[in-house]
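First comes the structure, then the notes that go with it.
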Amino acid sequence: MADLKFEITEKIGVLSENSKGWTKEINLVSWNEHEPKYDIREWSPDHSRMGKGVTLTADELASLKNMLAEIDLDSFE
């Protein structure tokens with residue numbers, strides 16, 4: 001199996017951190033030297049290892065943003 005190449009081109013933010021120091025982040029990531037996409041996943045403290053995640057194009061992220069804006073978070077309290 002070929003090695004997976006990645007480069008975090010822009011760190012956007014940390015959503016949470018677990019007790020082992022792994023952080024769930026949203027970043028712009030270039031996978032295998034392709035155009036960067038928005039990426040949400042867990043990363044080890046030194047960013048050498050990662051968990052499963054999801055990548056989104058700018059259009060997909062805009063759709064997600066619109067969907068999230070419609071959610072009534074008060075109903076979850």
Side-chain angles (χ1 to χ4, degrees):
M1 183 173 194
D3 287 334
L4 180 65
K5 293 182 183 179
F6 68 90
E7 177 187 2
I8 298 173
T9 61
E10 182 180 342
K11 292 183 178 186
I12 297 172
V14 174
L15 301 170
S16 63
E17 182 175 344
N18 70 22
S19 61
K20 295 182 180 182
W22 283 58
T23 51
K24 188 175 294 176
E25 303 178 11
I26 182 166
N27 299 308
L28 268 173
V29 180
S30 172
W31 297 99
N32 293 323
E33 301 177 352
H34 288 97
E35 194 69 27
K37 292 185 178 182
Y38 293 94
D39 184 86
I40 302 171
R41 74 181 62 243
E42 287 189 341
W43 292 91
S44 65
D46 66 357
H47 289 86
S48 65
R49 295 178 44 208
M50 69 201 76
K52 291 181 180 179
V54 61
T55 58
L56 304 166
T57 64
D59 288 341
E60 290 169 332
L61 186 65
S63 293
L64 177 61
K65 179 182 175 185
N66 291 335
M67 288 179 211
L68 292 173
E70 296 297 319
I71 295 174
D72 180 11
L73 294 176
D74 292 332
S75 65
F76 293 104
E77 293 179 2

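- To the nearest 0.5 Å, the span separating CG on Asp39 from CE on Met50 amounts to 8.5 Å.
- A continuous path of hydrophobic side-chain contacts links Ile8 to Leu4 [ILVMFWY only; heavy atoms under 4.5 Å].
- Arg41 and Gly51 make their closest contact through NH1-O, 2.8 Å (heavy atoms, listed as atom of the first residue, atom of the second, distance).
- With sequence neighbours excluded, no residue forms a side-chain hydrogen bond (donor to acceptor under 3.5 Å, both in side chains) with Asn18.
- Evaluation of the ring pair (Phe, Tyr, Trp, His ring centres under 6.0 Å) test over residues 26-50, restricted to residues two or more places apart or in two chains, returns Phe6-Trp31, Phe6-Trp43, Trp43-His47.
- Of all non-hydrogen atoms in Pro45 and Gly21, the two that sit nearest each other are CG-O, 3.5 Å.
- For Glu17, the side chain to side chain contact (heavy atoms under 4.5 Å, CB included) criterion is met by Thr23, not counting sequence neighbours.
- Residue pairs meeting the ring pair (Phe, Tyr, Trp, His ring centres under 6.0 Å) criterion with at least one member in residues 8-30, sequence neighbours excluded, do not occur.
- Nearest approach of Ile40 to Lys24, heavy atoms of both residues: CG2-CG, 4.5 Å.
- Considering every non-hydrogen atom in both Asn32 and Asp3, the closest pair reads OD1-O, 3.9 Å.
- Applying the side-chain hydrogen bond (donor to acceptor under 3.5 Å, both in side chains) rule to Thr9 yields no partners; only residues at least two apart in sequence or on another chain are considered.
- Taking the salt bridge (charged side-chain N to carboxylate O under 4.0 Å, His left out) definition, one finds that Lys5 meets it with Glu33, sequence neighbours left out.
- With sequence neighbours excluded, the residues that form a side chain to side chain contact (heavy atoms under 4.5 Å, CB included) with Ser48 are Ser44, Asp46.
- Applying the salt bridge (Lys or Arg N to Asp or Glu O under 4.0 Å) test to residues at least two apart or on different chains, none of the pairs has a partner in residues 58-69.
- A distance of 11.5 Å separates CD in Glu7 from CG in Asn27, rounded to the nearest 0.5 Å.
- In the hydrophobic clustering of this structure, Leu15 groups with Leu68; members are Ile, Leu, Val, Met, Phe, Trp, Tyr whose side-chain heavy atoms approach within less than 4.5 Å, directly or through other members.
- Scored by the side-chain hydrogen bond (donor to acceptor under 3.5 Å, both in side chains) test, Ser63 finds no partners at all (sequence neighbours excluded).
- Evaluation of the side-chain hydrogen bond (donor to acceptor under 3.5 Å, both in side chains) rule for Glu42 yields no partner, not counting sequence neighbours.
- Separating the CG atom in Leu61 from the CG atom in Leu28 is a distance of 9.0 Å, to the nearest 0.5 Å.
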